[in-house]
Novice: 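One structure coming up, written as structure tokens, with questions to follow.
Reminder, nothing fancy here: chain letters follow the sequence lines and each chain counts from 1. This one's a predicted model, so the numbers in the text were calculated from it and none came from an experiment. Both backbone and side-chain heavy atoms feed into the values below; hydrogens, waters and symmetry mates do not.
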Protein chains: 2
Amino acid sequence: MNSDFRMPTQADVARLAGVSTATVSRVLNNRGVITPDVRKRVLDSINTLNYIPHAGARALAMQRTGTLGAIIPSLNNAIFAEGIHAFEHTAQQLGYTLILSVSQQDPEREQALVTKMIERGVDGLLLVGNHHDDTVFDRLERAGVRHVCTWAYDEQSRAPNVGFDNATAMHAVVDHLVVHGHRKIAMLAGITEFNDRAADRIKGAQHRLNSHGLSLPDRQVFQVPYSIRESRQALWSAIDSDISALICGNDVIAFGALLEAQKTGLRVPDDLSITGFDDLSLSAEMSPALTTVQVGAASMGDTAARRLVAAVEGKLAVVSAKLDTTLVVRETTGPCTVFNRH
Amino acid sequence: MNSDFRMPTQADVARLAGVSTATVSRVLNNRGVITPDVRKRVLDSINTLNYIPHAGARALAMQRTGTLGAIIPSLNNAIFAEGIHAFEHTAQQLGYTLILSVSQQDPEREQALVTKMIERGVDGLLLVGNHHDDTVFDRLERAGVRHVCTWAYDEQSRAPNVGFDNATAMHAVVDHLVVHGHRKIAMLAGITEFNDRAADRIKGAQHRLNSHGLSLPDRQVFQVPYSIRESRQALWSAIDSDISALICGNDVIAFGALLEAQKTGLRVPDDLSITGFDDLSLSAEMSPALTTVQVGAASMGDTAARRLVAAVEGKLAVVSAKLDTTLVVRETTGPCTVFNRH
DNA sequence: CTGAAAGCGCTAACAA
DNA sequence: TTGTTAGCGCTTTCAG
């Protein structure tokens, strides 16, 4: 690392090209009209000096940074990774850079990260879920940072949403199961603390079952971390009661349940129907292929980025987008064969 | 969005507290000694004004941003997501913010992204693999941005490495297979264009096989994208020759091969042994559980962040770290039962 | 221990 | 069409 070497600045470029810094700035930002000859001289100087503008200085002078922030619960969850991948891709395409932080579902950490994002001057911010500390929204609104909550959709939410209704998404699952004759159903849900999506999925399943004259009592809802290992164990609690179908909070949980079921000789779907949520790419490939809910994480990330940028550049409010989910029926669900065990 | 509202600045805080901005800056950065009373007044003012410092301005005045950059090929690959998750976690812990960009294995895009990173003034940058455009390193060195290449380890590399030797990592796989009597082996490798890790894994397997007096001719090496679907198809090309073992470039490819093998009634490992690379969390859980190479993506991300920060704060060069890989023998490999098919 | 003032690199009026 | 001149918000000598 050559120690005391100064990166060339706009002033250096200006000097070399024999123009003012204002002119350099102009050609850099395509502002105003510039004599072809001058523009060429500037461009040449930039090249020979290997000049790279200083984003911090620019951010100070203009009122924007050209960055989009995202605070997500985790990256070790393929579905978030997929959503962020798309978000970054679109952001990049629109000329924005991504600043990414992981909250680990910790509200305090999230709050601190939001402040960090404001410090960094992100032009827009993506959040996951609608459940956030009030101060999060207060700060964001106060700072005038456009933001959007994803992975959820609720008309009542304080912030704009780009996502789907987790509760409603469960309706199709329940209907599918009920139509196939399932009456006793359990659920391996995600952990609901600080996770409104997981909670909504439970509520959605329960309500829909109720409307069919059935029920999913709380004691048949088991909260498990999004981990295959832990999900395998949870299967045992779930099948203690003689259920014929198992609704899982997401695909990873479903993988665990399926693997464990297979290992113990339980036939899926003959002895037990299993459903997932997310439709990871693996879900279609495994065998039996997983019946699950497709959420379109990629298009969610893409849409979130577009709406955010549109709002920033148009100086408007972010407009919400309600995304659809679709039940993908595959091989882990089938007709209920009652009295199958016990 | 309240339109023309100005975020409170340090000057506002100073005014309210009845001190100079210099003093505010001092308490903010714990520099020098400050009278307790003054400190309290400043802190109070900060609170009542909800003052949030401006990172851009600070970056301009100091010579650092408190950000770490990372440019990775993709996020839709669980192993990269895991590595970045750890990188971000450690960075956050050390007080740094992550700026993340995805290159999609495109050298031109990568080059542009590196420039973007320099613009943003990242204090350190994580790259994947050792194969990068010369201008990438030129620019980075010129700008004095510490950087580290991960997911690879090569004494000869131009940049510091935090990673493992992909070629050597294959030795254990080959040895394991050979010891079990396998002689005819094929490989489903990753696509080697712009991917030195994939290429090294092939070379590693070939060399080691050679040293056993065996060989892995190029025509038995099939390059496939890191996708289950595509890998399934590739299996057919591979087993055309009557091999008894299949080395896969990573776990995802192995999943595909395994799934397809099972589907067609090929018994694993009796009819065909299969190995992976990465040791994704799923690999241990599936059945048969996958024999694979554990790479410790998390500790790689963690170490990369620490080394980068140490170099930045100590004004030193980044020091490389050679990480170990370990073969995890599970159930997809077994003794060779020759003449098993055809 | 604290304040005044210069300046980090860039953009945006305002003149010319 | 281009140059001059203020800042943008913060840190940092240098005085006091």
Novice: For A:D12 and C:dC10, what is the distance between atoms CG and P respectively, to the nearest whole Å?
Specialist: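 Checked: the CG to P distance equals 9 Å.
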Novice: Does a side-chain N or O of B:Q63 approach OP1 or OP2 of C:dC8 to a distance below 4.0 Å, or not?
Specialist: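 No, outside the criterion.
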Novice: Measure from CD1 on A:I52 to P on C:dC10 and round the result to the nearest Å.
Specialist: 11 Å
Novice: Under 4.0 Å between a side-chain N/O of A:T23 and OP1 or OP2 of D:dG3, yes or no?
Specialist: yes
Novice: Send over the distance from B:N29 CG to C:dC1 C1', rounded to a whole Å.
Specialist: 17 Å
Novice: For B:I34 and for B:L60, locate the closest nucleotide of DNA chain C by heavy-atom distance; then report the residue assigned to the nucleotide nearer the 5' terminus.
Specialist: B:I34
Novice: With a non-hydrogen cut-off below 4.0 angstrom, is B:V24 in contact with a base, only sugar-phosphate, or nothing?
Specialist: nothing
Novice: If you pin B:A22 and A:A22 to their nearest nucleotides in DNA chain C, which one's is more 5'?
Specialist: B:A22
Novice: Ignoring backbone atoms, test whether B:S20 places a side-chain nitrogen or oxygen under 4.0 Å from the OP1 or OP2 oxygen of C:dG3.
Specialist: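 Looking at the OP1 and OP2 atoms of C:dG3, one of them is under 4.0 Å from a side-chain N or O of B:S20.
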Novice: Regarding B:R26, tell me which of base, sugar-phosphate or nothing describes its non-hydrogen contacts under 4.0 Å with the strands shown.
Specialist: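 Since a base atom lies under 4.0 Å of B:R26, the category is base.
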Novice: Would you indicate which nucleotide in D:dC10, D:dG9, C:dG3 comes nearest to any side-chain atom of B:Y51?
Specialist: D:dC10
Novice: Please compare B:M62 and A:M62 by the position of their nearest nucleotide in DNA chain D and report the one closer to 5'.
Specialist: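 Its nearest nucleotide lies further toward 5', so the answer is A:M62.
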Novice: Take atom CZ of A:R15 and atom P of D:dG3, then tell me their distance rounded to the nearest Å.
Specialist: 14 Å
Novice: D:dG9 phosphate, OP1 or OP2: any side-chain N/O from B:T9 under 4.0 angstrom?
Specialist: no
Novice: Find the distance B:H54:NE2 to D:dG7:P and express it as a whole number of Å.
Specialist: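 My rounded result for the distance is 17 Å.
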Novice: Treating B:Q111 as the side-chain partner and B:T135 as the backbone partner, does any N or O pair qualify as donor plus acceptor under 3.5 Å?
Specialist: no
Novice: Would one find a side-chain N or O of A:R58 under 4.0 angstrom from OP1 or OP2 of C:dG9?
Specialist: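 No, A:R58 has no side-chain N/O under 4.0 Å of OP1/OP2 on C:dG9.
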Novice: Given C:dT2, is OP1 or OP2 found less than 4.0 Å from the side-chain N or O atoms of B:T35?
Specialist: yes
Novice: What integer distance in Å separates A:I46:CD1 from C:dC10:P?
Specialist: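 Spelled out: CD1 on A:I46 to P on C:dC10 is 10 Å.
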Novice: Measuring centre to centre across the rings, with the benzene-like ring taken for any Trp, is B:H132 within less than 6.0 Å of B:F137?
Specialist: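 Yes, they do, as the ring centres are separated by less than 6.0 Å.
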Novice: Answer yes or no: is there a donor N or O on one side and an acceptor on the other, between the side chain of A:T150 and the main chain of A:L127, under 3.5 Å?
Specialist: yes
Novice: Are B:Q104 and B:S74 close enough that a side-chain donor and a side-chain acceptor fall under 3.5 Å?
Specialist: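 No donor-acceptor contact under 3.5 Å links the two side chains.
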Novice: Do A:N195 side-chain atoms and A:A198 backbone N/O form a donor-acceptor pair below 3.5 Å?
Specialist: yes
Novice: Distance check needed: C:dG3 P versus B:R31 CZ, whole Å only.
Specialist: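 From B:R31 CZ to C:dG3 P: 17 Å.
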